[in-house]
Every structure is written in C-alpha cells, then in structure tokens.
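The basis for the numbers below is simple: all heavy atoms, side chains too, and nothing from hydrogens, waters or symmetry mates. Sequence lines set the chain letters: A, B, ... in the order given, protein chains first and strands last, and positions in each chain run from 1. The structure displayed is predicted, hence computed values, not measured ones.
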Amino acid sequence: MSIALSEQEIIRRESLQQLRALGINPYPAEEFKVTAQAQDITDNFEAHPDTYKNVTIAGRIMNRRIMGSASFAELQDSTGRIQIYLKRDDICPDEDKTLYNTVFKKLLDIGDYVGVKGYVFLTQTGEISVHVQELTILAKSLKPLPVVKRDEEGNIHDGFTDPETRYRQRYVDLTVNPEFKQIFIKRSKVISAMRNYFNKQGWLEVETPILQPVHGGAAARPFATHHNTLDMPLFLRIANELYLKRLIVAGFDGVYEFGKMFRNEGMDRTHNPEFTAMEIYVAYKDYIWMMEMVENCLEEVTRAVHGIAAVQVGPNEINFAGPYTRLSMYDSILKYTGIDVSAMDEAGLRETCANLKIEVDASMGKGKLIDEIFSAKVEANLIQPTYITDYPIEMTPLAKKHRTKDGLVERFELFVNGKEIANAYSELNDPIDQRERLEEQLVLAGRGDDEAMAMDDDFLRALEYGMPPTSGLGIGIDRLVMLLTNQSTIQEVLFFPQMRPEKKVKVATADDFINIGVPAEWVQVLNKMGFNTVEELKAANPNKVFNDLGGMRKKLKLEITMPDKELVMGWFE
RNA sequence: GACUCGGUAGCUCAGCCGGUAGAGCAACUGACUCUUAAUCAGUGGGUCGAGAGUUCGAUCCUCUCCCGGGUCACCA
C-alpha cells in the first residue's frame with residue numbers, strides 16, 4: 001500500500017472518484033481517432049486555413065488560464081504544444097454546464113490527457129488555437145507534473161532541472177522539457193542513417209550472442225551470470241568482435257551489428273555500464289579502405305542529422321566531410337611532445353614517462369606505456385576528425401602486423417574533439433600468429449594486467465579453417481551521438497542511464513495496523529501522523545496518540561467515527 | 001575510489017553565527033467571455049536526505065551513512 005500521499009495527490013484521487021461518480025471513465029478503452037497534430041497545425045494553418053475547420057487532437061493539458069466561462073489551455077502532443085480555447089456554452093450547449101464548470105474547471109489538472117474536437121482559428125493576439133467543441137477525457141494524471149514556464153523570449157522560469165530526478169524519471173523530464181527529445185530523435189537518426197549506408201553497400205545486419213561463455217574481443221571486466229539448466233557460468237559480452245569474425249569465416253562478405261555491450265567498470269560522464277557499439281567487418285578489405293569508408297559514412301550520418309556535414313561541439317565547429325588528417329601514433333607523439341619514441345625499448349619509455357610526469361606501474365608493457373604517453377599528451381589536441389594509425393603490436397592482439405613497418409600493426413583510431421570514437425584494424429587472420437598474440441596476453445595477465453585479453457579456442461579454430469583478409473571497425477554510438485548533439489555527458493544521450501537504486505522508506509501495510517486493532521479508515525491518519533510502522537506507533541505515548549487522533553480528525557475534516565480511548569489503548573498492548 | 005559541492009513544500013530556490021521554516025510557480029476557495037510567465041482576493045501544504053552525538057533546545061554544529069552533481073583516478 002502506498003502511503004504519505006501529498007495534498008495534491010489526494011485531491012487528484014478525489015477528482016478521479018468524482019469523475020467516476022459523474023459517469024465519466026477517466027481511463028476509457030476506446031480508440032481516440034486523432035486527425036491533426038500540434039506542429040502540423042501551427043506550421044500549416046495560415047497557408048491552408050480551410051484544411052483545419054474540423055480537427056481532432058489529443059495530448060496533455062500543460063497549462064490553463066481560466067477566465068470565468070471561457071478558458072485557454074495548452075495541449076501538448078508528441079509534436080509540440082498548441083493553445084486550445086474553451087467556451088462554456090460551446091462545450092455545454094444545453095442547460096447542464098457540468099462538463100465545463102465541474103469537469104474542466106475543477107476535476108481536470110495539468111498533466112491529464114484529453115482529446116478535443118473543434119476548429120482552428122486565430123486569437124485576437126494572433127495565436128493559432130483550436131476552438132473546442134467537444135472535450136473527452138483520455139487519462140487522468142494522479143501526480144502533479146512540475147510546471148515549466150517560458151516567457152516570450154523563451155527564458156525558462158521554473159525549470160525541472162535536478163539531474164537526479166531527470167534521469168530517474170525520464171518520463172517526467174521529456175514531458176516537461178520536450179526539447180531533450182531532440183537528442184533522442186537525433187540518436188535514432190544517427191543509427192538509421194548508418195544502417196542505411198551499410199545496407200546500400202549490401203552488408204548484412206546480424207545479431208550475435210550477448211550471453212557468452214568466454215568474454216573475448218576486448219579487455220574489460222565482465223558481468224558474470226549463471227545459466228541454471230546448463231549449470232555453467234556465462235558472461236554478458238564486453239564485445240562482439242570474435243563472433244562477427246566467425247561470420248566472415250562462414251562466408252559473409254560484410255556483417256555488422258548494433259548492440260549493447262556491458263563492462264563492469266567505473267561510471268562517469270563518458271561511461272555507462274551498458275553502452276551501444278556498432279561493429280562491422282568487411283572481407284577482402286584493409287584498414288586504408290576502411291578509413292575512406294568511415295569518412296563517407298560519417299559525412300552521410302552528419303548530413304542526415306544536421307543537413308550539413310559540420311556540427312558545433314562546444315566552442316569547436318567540427319567538419320565530418322573527409323578526407324580526415326592521418327597521423328601515425330609515433331608521429332603524433334613526435335608532433336605534440338617533440339620526442340621520438342619509435343625506437344625506444346621498455347626502459348627508455350619508462351624514462352620518458354617519468355620525464356613527462358606520467359604515472360605508470362610495473363605491469364605496463366611497451367604498448368601500454370606508449371598509449372599512456374599518447375593519452376596524456378596527444379589526445380586532447382585532436383579536435384577535427386583525425387586518424388591515428390599504426391599502433392605498437394603489444395597493444396593490439398587482434399590486428400594484423402603492419403605490411404612494412406616492423407613492430408606495428410595495421411590499426412587506426414578516429415579521434416574527434418579530443419575523444420576516441422572509432423577503432424579499426426586490418427584484422428589478423430593468421431591463426432598461428434593469433435594464437436601467439438593471445439598467449440602473450442596471458443603473460444601480461446600474469447604480470448597483473450587485468451585488461452589483458454582472454455583466450456578463445458573456438459575462435460582460433462575458426463581462424464584455422466581460414467578467414468579472408470578482412471577489415472573491421474567499431475564505433476561507440478553513445479559517444480558519436482554525444483558529439484553530434486553537443487552533449488558532454490553520456491547520461492544525456494541515454495534514456496535510462498544507470499543509477500543507484502532509490503532508497504525505499506520502510507512502510508507497514510494497512511493490514512499490519514488493522515491486525516493490532518486499528519480501524520481501516522484510521523490507518524492513513526496514523527500514516528499522516530508519521531507512523532509508518534507498527535513499531536513506531538508502539539513506541540509513542542498512547543495518551544498523546546489518542547489526543548492527536550482527534551486533532552488530525554478535525555484538521556483533515558474527516559467524517560469518521562472517533563475510536564474510543566480503550567480501543568486506542570489496546571493498540572499498545 | 002579520492003576530493004569537492006549539494007539534498008528544505010509537487011517543482012525551482014531562500015533562510016537560520018542553534019530557539020522546529022519562507023518566496024515564486026503548482027494546489028485549494030472565490031471573481032473574471034481573447035488569455036498566453038494571464039490577472040485579482042483569500043487559504044492550505046514541510047518527520048528541512050537518514051541515524052547518532054553535543055545542547056535546556058538541532059533544519060543549522062560534530063560524526064557516520066544514503067543519494068546526486070562536478071573534478072581527478074580507473075576504464076584501449
């Protein structure tokens with residue numbers, strides 16, 4: 001049983017009962033046929049006024065301005081808001097004015113869903129409005145929505161801004177702050193534009209296992225679970241790379257997957273425990289081909305979202321039209337630190353890190369040390385889309401060795417606005433080399449590197465059957481959407497970012513109170529007095545409780561019989 | 001995980017060098033037939049995040065905990 005309703009919630013529940021008493025179903029089952037939407041009307045009414053002489057629209061009441069027997073209200077549907085105008089004698093043509101005087105003025109509230117039928121007109125102040133002829137209640141709202149007010153300049157006066165509540169109650173956030181819906185609409189466009197691009201090339205969208213017996217393809221701590229029937233541990237995937245490569249082995253030329261990945265690691269404004277990645281693998285290609293593909297694809301995606309290939313991100317205008325700058329890992333470090341690390345051994349790299357005041361630890365191998373220098377000194381400088389290419393072999397166990405440069409692999413990462421958003425290789429398809437590289441990872445794991453990759457024997461078996469030369473790419477969709485919508489936190493591009501659970505107040509059920517002899521109608525009074533559990537009640541002074549019950553009865557104007565004193569004393573035995 | 005800021009009415013916030021709280025919006029009662037941050041008159045609404053300590057007395061001071069934001073660390 002829910003308790004401790006606020007004053008406004010109690011009033012709304014009473015309104016609900018009164019609607020029922022009037023024979024109005026506050027939650028009707030019938031379809032409500034809508035013939036127009038707010039944005040459609042505001043966009044097109046003035047050009048085609050005759051089209052809007054009889055419209056039916058539906059949405060939430062978001063604001064009401066009542067002036068006696070006429071009222072204005074704002075109705076919000078999925079496309080926006082439109083003002084509606086109600087006149088008592090128009091919606092109540094007969095003697096009975098209940099629908100206007102009682103239902104609309106008293107029993108309806110901000111947040112209620114209603115449908116209206118009427119004609120569109122221009123008010124004296126020039127606002128496109130719907131003159132209501134019929135009013136239908138579609139769903140009663142029992143919790144008051146925050147009321148966000150906007151003035152003529154668009155300034156927000158009573159915002160709903162607390163991030164915690166916004167993320168926990170996204171349904172409220174998007175109702176009262178509908179501008180945030182644009183982020184999610186753009187997110188959907190990003191994904192559909194990318195999917196369209198791939199489909200045009202004839203590549204196949206696939207689905208691979210989320211529950212995996214071996215968590216391969218990346219280096220991260222997994223979420224572990226257990227399958228009862230098979231009585232075996234399973235992991236939520238940290239990557240899908242090795243499964244997609246199996247499908248290339250199986251004979252598909254191009255496969256891609258949009259999917260959730262799960263990593264049991266820290267959370268901050270760029271990390272959520274589950275996130276969306278897009279991975280694509282195309283046979284007979286290499287990473288140089290992939291760079292061009294990514295340029296074309298991202299330009300098309302950006303145009304689909306913004307109409308142009310450029311996007312404003314914070315203070316920077318970022319242009320996604322290719323070609324992008326290409327810079328090798330070593331050259332990028334040389335460019336931003338003046339240090340040539342290409343020929344250094346592990347000891348030299350450690351010394352360089354020390355000189356640059358970069359913290360390292362003993363478990364780091366050569367590749368990891370180079371990555372640390374890169375992260376600390378180069379990354380933040382890469383604002384316009386930039387490919388960093390040719391990584392040290394130690395960092396990248398799944399990429400093919402560079403065709404000409406010893407000790408490097410054919411890999412690039414795409415950096416935009418100082419952040420990595422894509423990662424691609426000429427995929428390693430030499431099964432013997434692959435086995436050795438994964439064995440090296442096991443050695444790193446032995447040194448305490450908990451990011452080292454796990455061995456996957458079935459994947460190696462697939463490679464032994466033969467995988468064509470292939471290029472693969474992964475894109476972090478959440479971060480790409482952050483860029484394309486100019487958001488600085490991942491929570492703003494996820495409908496339901498992960499949160500710690502809300503604290504639940506310990507509350508006894510009504511039956512618990514009834515069991516000790518409290519009359520049912522008095523339970524909510526006790527709750528109102530602050531007694532959420534029987535124990536709390538028993539700890540109180542019985543005489544004071546008896547007196548306070550009378551006080552509360554008067555205060556709440558309750559028409560219920562006062563329990564006699566003996567009964568109240570009985571609750572404390 | 002560390003540091004830091006915050007948690008007060010449905011929402012946004014103020015307040016108190018310790019004497020149990022205020023505003024605007026929302027709500028309620030009334031007035032009002034073109035308003036639009038509607039207006040006017042009146043009214044109610046709060047275990048001040050939780051617990052403990054100090055105190056005659058804690059929303060305020062101290063400690064612990066919970067939840068969130070920011071920064072950093074971790075996270076290819």
(request) Assign each of A/Asp162 and A/Gln83 to its nearest nucleotide of RNA chain B by heavy atoms, then name whichever residue's nucleotide is nearer the 5' end. (result) A/Asp162
(request) Hey, can you tell me if A/Phe262 and A/Phe223 have their rings parallel, tilted or perpendicular (30° and 60° cut-offs)? (result) perpendicular
(message) On the side chain of A/Asp268, is there an atom forming a donor-acceptor pair with the base of B/C72 - under 3.5 Å, no angle test?
(response) no
(request) Rounded to the nearest angstrom, tell me the gap between atom CG in A/Leu108 and atom P in B/A26. (result) 17 Å
(message) Between B/U12 and B/C34, how many Å separate the two C1' atoms, rounded to a whole number?
(response) 30 Å
(request) Could you tell me the separation between the CG atom of A/Leu369 and the P atom of B/A76, rounded to a whole number of Å? (result) 15 Å
(message) Can you say whether a donor on the side chain of A/Thr123 sits under 3.5 Å from an acceptor on the base of B/U35, or the other way round?
(response) yes
(message) Over 60° means perpendicular and under 30° means parallel, so tell me whether A/Tyr387 and A/Phe412 are parallel, tilted or perpendicular.
(response) perpendicular
(message) Can you tell whether the side chains of A/Asp433 and A/Lys400 come within less than 4.0 Å, N to carboxylate O?
(response) no
(request) Starting from the 5' end of RNA chain B, give me the residue, A/Pro397 or A/Met499, whose nearest nucleotide shows up first. (result) A/Met499
Restricting to nitrogen or oxygen on both sides, can you table the protein-nucleotides 38-42 of chain B pairs closer than 3.5 Å?
{"unit_1": "B/A38", "atom_1": "OP1", "unit_2": "A/Lys149", "atom_2": "NZ", "d": "2.3"}
{"unit_1": "B/A38", "atom_1": "OP2", "unit_2": "A/Asn63", "atom_2": "ND2", "d": "3.0"}
{"unit_1": "B/A38", "atom_1": "OP2", "unit_2": "A/Arg65", "atom_2": "NH1", "d": "3.2"}
{"unit_1": "B/A38", "atom_1": "N6", "unit_2": "A/Ile66", "atom_2": "O", "d": "2.5"}

(message) The test is ring pair (Phe, Tyr, Trp, His ring centres under 6.0 Å); show your working for A/Tyr425 and A/Tyr287 and say whether it passes.
(response) CA-CA 5 Å; A/Tyr425 313 147; A/Tyr287 78 137; 9.5 Å; no
(message) In whole Å, I'd like the distance from the OH atom of A/Tyr167 to the P atom of B/G68.
(response) 12 Å
(request) Check the distance between B/A76's P and A/Tyr391's OH and give it to me in whole angstrom. (result) 14 Å
(message) Would you say A/Lys106 places a side-chain N or O within less than 4.0 Å of OP1 or OP2 belonging to B/G30?
(response) yes
(message) Assess whether a salt bridge exists between A/Arg263 and A/Glu274, defined as any Lys/Arg side-chain N lying under 4.0 Å from an Asp/Glu carboxylate O.
(response) no
(message) Between A/Arg150 and A/Glu179, is the salt bridge (Lys or Arg N to Asp or Glu O under 4.0 Å) condition met? List the steps.
(response) CA-CA 12 Å; A/Arg150 291 171 175 80; A/Glu179 61 275 15; 3.1 Å; yes
Which pairs, protein N/O on one side and nucleotides 1-4 of chain B N/O on the other, fall under 3.5 Å?
none

(message) How many whole angstroms separate atom CD1 of A/Ile128 from atom C1' of B/C34?
(response) 15 Å
(request) Indicate, with a heavy-atom threshold strictly under 4.0 Å, whether A/Glu9 touches base, sugar-phosphate, or nothing. (result) nothing
(message) On the nucleotide B/U33, are OP1 or OP2 found under 4.0 Å from the side-chain N or O atoms that A/Gln124 carries?
(response) no
(message) In dot-bracket form, 5' to 3', how is RNA chain B paired? Count Watson-Crick and G-U wobble pairs only if both distances fall under 3.5 Å, and write | where the partner sits on another strand.
(response) (((((((..((((.....[..)))).(((((.......))))).....(((((..]....))))))))))))....
(request) Examine the base of B/A26 for any acceptor or donor lying under 3.5 Å from a partner atom in the side chain of A/Gln8, and report the outcome as yes or no. (result) yes
(request) May I have the distance from A/Ile110 (atom CD1) to B/A37 (atom P), rounded to whole angstrom? (result) 15 Å
(message) Below the 4.0 Å mark, does B/U71 have OP1 or OP2 next to a side-chain nitrogen or oxygen of A/Arg269?
(response) yes
